[in-house]
S.K.: 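Quick one: the structure is below, questions incoming.
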Amino acid sequence: MSKTAILEIDGKKYEFPIFKGSENEEAIDIKKLRDLTGLVTLDPGYKNSGSCTSEITFLDGELGILRYRGYAIEDLAANANFLEVSYLLIFGEKPTAEILEKFENDIRKHTLVNEEMKSILDGFPKTAHPMGILAAMTSALTSFNPKSVDVDNEKDMYCAVCKTMGKFLVIATWTFRKNMGYPMNYYDNTKGYVENFMRLMFEIPTEPYKVSQTVIDALDKLFILHADHEQNCSTSTVRMVGSSHAGLFASISAGVSALWGPLHGGANQAVLEMLEEIHNNGGDTDKYLAKAKDKEDPFRLMGFGHRVYKNFDPRAKIIKKAANEVLETLGVEDPILEIARKLEAAALEDEYFKSRNLYPNVDFYSGIIYRALGIPTDMFTVMFAIGRLPGWIAQWKEMRENKEPIGRPRQIYTGSTLREFK
Ligand code: CMC
């Protein structure tokens with residue numbers, strides 16, 4: 001007999017099925033709760049609520065497991081490239097060499113961004129944060145591609161995927177070029193996706209530009225590690241916005257905004273700013289640990305803690321190793337890396353952090369690599385967005401294909417009861 005859960009309210013018992021996932025995770029299926037009992041559940045921050053079933057990413061926070069479509073993150077980071085992982089996430093299977101080549105070529109067909117987008121970019125002040133520009137520009141893509149995707153048409157969906165992968169990368173780099181006062185750059189269809197990212201960012205018309213394989217490999221790995229993370233804040237946002245049948249660009253734009261916050265993707269910028277501040281103030285890590293523990297002080301140790309990982313973040317382990325390797329290969333000596341190591345070691349020995357299961361997360365070491373590659377701090381969250389893009393697309397596509405209902409949580413009203421307006 002399949003397992004059920006019994007809920008007793010005012011002496012009356014209600015039975016709910018227990019849903020089991022392919023990795024034996026269990027959930028009480030409360031789809032009929034309100035119909036049967038008249039009650040809803042209350043769960044701010046969705047700490048106990050599954051919003052959907054998904055075949056894309058498996059995550060076990062206790063064991064520190066992260067898998068995309070069944071493949072371990074360690075395996076993918078070591079053996080795959082970013083476009084291969086993007087295809088895997090979006091379409092469910094690892095692409096053959098021919099399929100991957102076709103995918104890359106099809107993305108190339110969509111890398112030209114409408115020139116009129118440049119006048120929108122012109123309207124932003126130079127001081128604008130790149131994430132704000134990226135969200136607005138992604139949304140603006142809707143106006144240049146007004147026909148919404150027919151999700152039931154495989155060819156149409158495939159084309160929308162390639163278009164999003166192509167154009168998003170270009171506009172992401174334009175946010176930086178705008179800030180630098182550089183002329184906008186175009187994708188070079190003879191080069192790879194990740195190599196193009198560096199060119200699009202840094203190549204200027206007056207000099208030849210060459211990207212080293214070390215840099216391409218490091219970025220490939222970072223993008224893979226960020227590519228999906230099941231129902232996090234930005235991904236849930238993308239699914240939620242898409243559930244109203246808003247288009248893919250509009251949904252991704254909302255995801256960019258959600259990612260921007262310092263508790264989510266914005267943490268990578270905040271980590272580096274924090275490490276720089278500690279360095280500039282003499283490197284006293286103990287002082288900052290004390291601040292993080294002080295409940296009167298709003299300061300948090302950025303890059304530490306995670307809603308789901310309670311033992312370690314497997315992405316952080318890979319990134320820490322990669323940071324050491326990249327800095328060594330590029331011959332970069334960064335005192336910030338030493339501060340990060342010192343801070344991590346002290347926090348891992350500290351009772352406050354130990355008792356709350358606070359460990360370094362994906363953002364703790366990623367900024368050190370970005371910095372070594374010459375990427376400015378305010379572009380760090382844009383880097384996260386480029387990496388997360390295939391995950392957002394995959395989750396949006398799955399949500400539409402599963403014909404999920406519009407997302408519309410309930411609430412419990414706690415405001416004034418009826419009063420007269422005189
Ligand atoms: N520094 C100091 N204390 C912390 C921290 C931190 N970084 N993170 C959590 N705590 C404390 C928090 O004050 C609370 O203490 P108490 O039980 O005494 O009230 C306890 O740990 C539990 O924290 P929470 O805020 O209830 O946990 P959460 O699951 O809601 O938040 C988090 C998770 C990631 C938002 C949080 O750990 C945090 O703010 N970390 C810093 C920001 C950060 O690095 N974010 C990147 C997350 S990973 C990348 C991504 O997915 O976007």
S.K.: With distance as the sole test, does R67 use its side chain to make a donor-acceptor pair with the main-chain N or O of L59 at under 3.5 Å?
M.R.: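 Answer holds: no.
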
S.K.: Testing Y158, F249, F168 one by one against K163 for a side-chain contact (heavy atoms from CB on, under 4.5 Å), which residue passes?
M.R.: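 Going through the options one by one, the only one that passes is F249.
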
S.K.: Can you tell me if N179 uses its side chain to pair, donor with acceptor, with the backbone of K126 under 3.5 Å?
M.R.: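 It does hold such a pair.
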
S.K.: Could you tell me whether R341 and E344 make a salt bridge, using a distance below 4.0 angstrom between a side-chain N and a carboxylate O?
M.R.: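 No salt bridge links R341 with E344.
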
S.K.: Would you say N324 and E328 are linked by a side-chain donor-acceptor pair, where the criterion is simply a distance under 3.5 Å?
M.R.: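 Checked: E328/N324 side chains show no N/O donor-acceptor pair below 3.5 Å.
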
S.K.: Under 4.0 Å between a side-chain nitrogen and a carboxylate oxygen: does that hold for K397 and E401?
M.R.: yes

S.K.: Please answer whether the main-chain N or O of Q231 pairs with a side-chain N or O of T235 as donor and acceptor at a distance below 3.5 Å.
M.R.: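 Not a single qualifying donor-acceptor pair exists.
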
S.K.: Mark yes or no for whether W260, through its side chain, and G255, through its backbone, hold a donor-acceptor pair below 3.5 Å.
M.R.: no

S.K.: Would the distance check show the side chain of Y352 and the main-chain N or O of L289 forming a donor-acceptor pair, the cut-off being under 3.5 Å?
M.R.: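 Answer holds: no.
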
S.K.: Does the side chain of I171 reach to within under 4.5 Å of the side chain of V113, using non-hydrogen atoms?
M.R.: yes

S.K.: Would you kindly say whether S251 and W392 are connected by a side-chain donor-acceptor distance under 3.5 Å?
M.R.: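 The criterion, which ignores hydrogens and geometry beyond distance, is not satisfied for W392 and S251.
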
S.K.: Look only at the side chain of K310 and the backbone of H306, and say whether a donor-acceptor pair between them is shorter than 3.5 Å.
M.R.: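 Here the side-chain-to-backbone pair exists.
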
S.K.: With the threshold set at 4.0 Å, does a side-chain nitrogen-carboxylate oxygen contact exist between D152 and K403?
M.R.: yes

S.K.: Counting only N and O atoms by type, is there a donor-acceptor contact under 3.5 Å from the side chain of D363 to the main-chain atoms of G303?
M.R.: no

S.K.: Are more than 12 heavy atoms from other residues, nucleotides or ligands located less than 6.0 Å from atom CD1 of I28?
M.R.: no

S.K.: Regarding R108 and E104, does a basic nitrogen lie under 4.0 Å from an acidic carboxylate oxygen?
M.R.: yes

S.K.: Would the distance check show the side chain of N268 and the main-chain N or O of F380 forming a donor-acceptor pair, the cut-off being under 3.5 Å?
M.R.: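 A pair under 3.5 Å: yes.
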
